[in-house]
Amino acid sequence: MANKEKTGKKKQGIVQRMMFGRDDKPDLTPEQLNMSKWAMFKYLFFNRFGTMVFLNLLTLLFALPAIAVILLFFMNSTVANGFIPYSANIFIGNNVVVNAVNQGNISAFTYQLFEFLVLVPCIAVFAVGVSGNLYVIRKLIWEEPTHTFKDFFRGIGKCWLPSLLIGIAFGLTLVLVVFSLGYFDAYGMSVSLKALSVTLSMILLVFMIIFTSFFMTQNVAFKMRPMVLIRNSVLFVFGALLQSIIFIGIGLIPVYLMFIPGITVLLVMIYVFLGFSFSTLVISLFCHACYEKFLYDKITDKPSRVYSKRESDLEEPASEKQKKKAPATYKNPKKRKKSIDEGSSITPLTPTFRREDLERLQREHEQVLKESNDVSDGEDTEEEQADNTKETGQSDTDN
């Protein structure tokens, strides 16, 4: 109790520490603000671990439609497969299916193709959620103040349409891959055609993964025309192909766990709490490193017609907005204040000064005061100041 009264601070809860870090931790130094991407990954992933988890849970909400469709189709196919052994019957009822294996392959292929067609709009909805995730991570990378929940939905509001369209395009790419994998087996067509089709579809899938990564990270970071956004994404795909495969492959590490049997529960837990945020953080850091190298030098204080940085959440204060709306006051050029070097000056006294020196000092002092009053009030013109100077010179001559 005594410690609380002395410090005047409430004890930090575990949730608050996870979301905002510890209060007793020192602020970032200027050297840390210019940290490398690897250092930034460690800082954001471990020091902002709670933010990553919260972002992942928000993104998971937009993945629920796709998860529901996958589960429904899985349960339906499991029930249907349970009746396959009894379809041949024992010379009772319907005729025996002669070509049961081929018919089963065609049925399974059609069912799987229909499942991925239904998943296309679900993937588009998920891409909208990913745009909010990427928007918050972009603000963290740019070291801007963030409010996770508010900025997540603000990012969706700004970037939802391009994200929805790229989600549909990516979903159709998956449909094409599934079609190339199953069509030739189902209808017993040439193996060479299947190999060619599968190779081309896989190349397209890799291209779309990299293209989508650059497309969505640019979409949340810059204001670009659609064609410029597409062109830049294509150029980044071919300009940084090898690095993209490596780093985006690292970002998709949680996906590879599904190929390991027996860890379904672990895979689900990873994706519930951290999988999406880990992928978006790694991909965003890599993409922004590319943007720093090729795009940032083209962005000036005055936004370009082609693209500019998106506005941060640092909105202008109300007083600044009112100043901009208020009409500018008229400034009379004749009331321009003089600099220190202009106008009369005071001659310093010598150690052996006389009465004449004191009188000169008084006149100079009066002249300086008069000039300052004339400038502030704006009553004297240049001609009047010249006349005053002449009168002062005549009085000096008389004396």
Side-chain angles (χ1 to χ4, degrees), residues 12 15-59 129-159 163 213-224 232 236 240 243 247-248 250-251 274 276-304 307-317 320:
Q12 229 181 350
V15 177
Q16 189 175 2
R17 286 200 303 271
M18 289 178 64
M19 294 298 299
F20 303 105
R22 298 178 62 90
D23 285 341
D24 55 355
K25 294 192 71 171
D27 294 334
L28 291 175
T29 62
E31 292 78 14
Q32 288 176 311
L33 290 176
N34 297 321
M35 62 181 72
S36 65
K37 297 304 177 187
W38 169 240
M40 184 172 289
F41 169 80
K42 292 192 294 184
Y43 174 77
L44 293 178
F45 189 75
F46 295 104
N47 291 39
R48 302 297 298 270
F49 186 80
T51 303
M52 296 294 108
V53 173
F54 189 39
L55 266 180
N56 198 85
L57 293 174
L58 290 174
T59 310
V130 172
S131 68
N133 186 307
L134 290 170
Y135 184 80
V136 176
I137 289 181
R138 184 269 288 175
K139 296 191 73 176
L140 293 173
I141 293 173
W142 286 359
E143 296 159 2
E144 297 175 355
T146 55
H147 306 279
T148 307
F149 185 82
K150 181 180 178 181
D151 289 329
F152 181 85
F153 289 99
R154 179 184 294 175
I156 290 176
K158 291 182 177 181
C159 312
S163 302
S213 301
F214 282 111
F215 184 94
M216 295 194 69
T217 49
Q218 280 183 104
N219 183 38
V220 301
F222 307 105
K223 291 180 179 178
M224 293 183 180
N232 282 359
F236 277 118
Q243 299 94 323
F247 286 99
I248 295 176
I250 293 173
L274 206 60
F276 301 125
S277 293
F278 174 83
S279 299
T280 52
L281 178 61
V282 174
I283 292 172
S284 293
L285 286 171
F286 166 69
C287 292
H288 281 279
C290 296
Y291 303 153
E292 289 177 3
K293 187 176 181 181
F294 297 106
L295 288 184
Y296 284 9
D297 58 341
K298 299 180 183 299
I299 300 172
T300 58
D301 294 334
K302 185 177 181 180
S304 168
Y307 54 78
S308 61
K309 282 189 177 181
R310 286 194 179 275
E311 296 177 359
S312 65
D313 62 338
L314 296 174
E315 296 181 355
E316 292 179 334
E320 294 293 333

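These figures come from a predicted structure and were not determined experimentally.
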* To do: Taking the side chain as every heavy atom from C-beta outward, state whether Val53 and Ser277 have any atom pair closer than 4.5 Å.
  => no

* Asked: Which heavy atom of Met216 sits nearest a heavy atom of Ser131, and at what distance?
  -> CE-N, 3.8 Å

* How about Phe286: does its CZ atom have over 12 heavy atoms from other parts shown lying under 6.0 Å from it? -> yes

* Using a 4.5 Å cut-off on heavy atoms from C-beta on, say whether the side chain of Glu144 contacts that of Arg138. => yes

* How far does CG of Asp151 sit from CD1 of Ile156, to the nearest 0.5 angstrom? -> 11.5 Å

* Assess the pair Phe54 and Phe152: is the distance between their ring centroids shorter than 6.0 Å? => no

* Asked: Does any N or O in the side chain of Asn56 come within less than 3.5 Å of the main-chain N or O of Phe276, such that one atom is a donor and the other an acceptor?
  -> yes

* Asked: Would a 4.5 Å heavy-atom cut-off, applied to side chains only, mark Val136 and Leu58 as touching?
  -> no

* Asked: Would you call Lys139 and His147 a side-chain contact if the rule is heavy atoms closer than 4.5 Å?
  -> no

* Please report the shortest heavy-atom distance between Asn232 and Met224, naming the atom on each side. => ND2-CE, 3.5 Å

* Asked: Is Asn219 reaching over with its side chain to a backbone N or O of Phe215, donor-acceptor style, under 3.5 angstrom?
  -> no

* Would you give the length of the straight line joining atom SG of Cys287 to atom NZ of Lys37, rounded to the nearest 0.5 angstrom? => 11.0 Å

* List the steps and the verdict of side-chain contact (heavy atoms from CB on, under 4.5 Å) for Met52 and Phe278. => CA-CA 8 Å; Met52 296 294 108; Phe278 174 83; over 6 Å; no

* Asked: For the side chain of Thr217 and the backbone of Phe214, is there at least one donor-acceptor N/O pair under 3.5 Å apart?
  -> yes

* Asked: With distance as the sole criterion, is a donor-acceptor pair present between the side chains of Asn133 and Thr59 under 3.5 Å?
  -> yes

* To do: Indicate the ring-plane relationship of Tyr291 and His288, choosing parallel, tilted or perpendicular according to the 30° and 60° boundaries.
  => perpendicular

* Parallel, tilted or perpendicular: rings of Phe49 and Phe45 (30°, 60°) -> perpendicular

* Just wondering, more than 12 heavy atoms not from Phe149 lying within 6.0 Å of its CZ? -> no

* Atom pair CZ (Phe41) and OG (Ser284), whose distance is rounded to the nearest 0.5 Å -> 11.5 Å

* Test Leu134 against every option in Thr280, Leu55, Leu281 by the side-chain contact (heavy atoms from CB on, under 4.5 Å) rule and name the one that passes. => Thr280

* Mind checking salt bridge (Lys or Arg N to Asp or Glu O under 4.0 Å) for Lys42 and listing every partner two or more places apart, or none if nothing turns up? => none

* Asked: How many angstroms lie between atom CD1 of Ile141 and atom OH of Tyr43, to the nearest 0.5 angstrom?
  -> 13.5 Å

* Kindly give the heavy-atom pair with the smallest separation between Met40 and Leu285, and that separation in Å. => SD-CD2, 3.8 Å

* **Side-chain touch Gln243/Ile248, heavy atoms, less than 4.5 angstrom** => no

